[in-house]
Amino acid sequence: MSKKLSLSFVAIFSVLIILLAQVFTVAPPIPNVVNPMVTVKLQSISRNGSIPLEISGRWQLIDSSNDEVLIERDNFRGDLRCDITGPKFGPYAANRDHVYLRCQGDKSLRLNYFSYPGELIIEVERNKLDQCHILNLYLRLELEDYVLGVICGELPSQTPGISAALQSQAIAARTYAIFKIQQGKTLRGDSRDQVYKGSDHNTQQAIDAVHATAGLVLSENDVVLPSYFHRNCGGGTANAFEAEFSKRPLAALAGSPDSQCADIYQRWQRTVPVSRLDKLSAEFKIGDTLLALNTVNKDQFQRRLNMRLQGEKGHHDLTGEFVRARLGLPSMIWHELIINRDGSITVTGSGYGHGIGFCQDGAMRKAKRGLDYATILQHYYPGANVEVLTAELFNP
Ligand SMILES: [Zn+2]
């Protein structure tokens, strides 16, 4: 075979390969990522109570039931008040039970001295006399704007070198919001769900972290993961099923050691007054005096999973997390418990928060050591998938 012929053969063969590749290779589908609107409860105002409200530029007050524009004006500065008739601000009143305020721009709405993007929903709660007695305030905004506010509310986003922690927190926060929405629950703007304080504290590092992870969420077996997170695990994260945070075992929330959080110099010590202990006994009707507070079971990190209250009239078992909330303790990892002469107890422990899932302190340390967000997430949610939030995943 001549050199010319062999070259022609190579050329024809190459064209064939390219044609075959075009026939048999399926182009990767463009992910149909969604950015749904989310609603966050900001706070409530009781009768005659008020909070500062400031609006820059054009605004409209709209009836949620039929989208009727009730009032349209420019600028406002004053108070939003819970009046007997309904919401009132300055000379403006809305005698409707469900309205929303639409403003222009991300910084045009200020409530309680915080700037918010999105729309402010005002919902009236009526008493038996059909009078307005509570105003519930919610914010409706895009998921990605919400995630940005959460990571700035949850982490010190101005700290240099924690991009990977902010990225992993963005994915965890986005996932948690979707999980709550799928449960039909309302997101609260504080640590009971996720801290959200508007857009005043957004940093460039946080904006970049949200953009870099836009639409990404965690899943296990094609279901959005309940991606709990907390401030400091105290040496190891908890098993969500054992801690009764999940009704079924989840591989991604089985708990794992986090040695850097076990530092003995980071321990805390708190004293719980006897009145608080006795109140717990009375609450469960086992007598007015709490005689003992015993551990039923604990995990390998000394985290109390279940506790037994012993009163004069019997005993009652509670989850560790319930006891933590009632006694006002930072965590349930206890190293020492001393009963004082006056009946109060002094506890020495580690960690802050419930200890399930993502550990914020640990993630920041890992980010500073150069780990990327995927590695950090694999540590705290082992085996979980990171995937884009599609309409199918959002509405299964
Ligand atoms: Zn940790």
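We count ligands from 1, going down the list as the structure has it; atoms in each ligand are counted the same way. All figures in this text were calculated on a predicted structure; none of them were measured in a lab.
- Figure legend: cation-pi geometry between R73 and Y92 absent, as NZ or CZ is not positioned both under 6.0 Å from the six-membered ring centre and within 45° of its axis.
- Backbone or side-chain N, O or S atoms of D361 do not reach the Zn ion (ligand 1) at under 2.8 Å.
- The six-membered or imidazole ring of F322 lies near that of F284, with a centre-to-centre distance under 6.0 Å.
- Defined by atom type and a distance below 3.5 Å, a donor-acceptor pair is present between the side-chain atoms of Q205 and S163.
- Put simply, the angle at the Zn ion (ligand 1) from OD2 in D258 to SG in C261 is close to 100°, to the nearest 10°.
- With the Zn ion (ligand 1) as the vertex, atom SG of C359 and atom SG of C233 span an angle of 120° (nearest 10 degrees).
- Test N35, V210, V38, T213 against V147 for side-chain contact (heavy atoms from CB on, under 4.5 Å) and you get one pass: V210.
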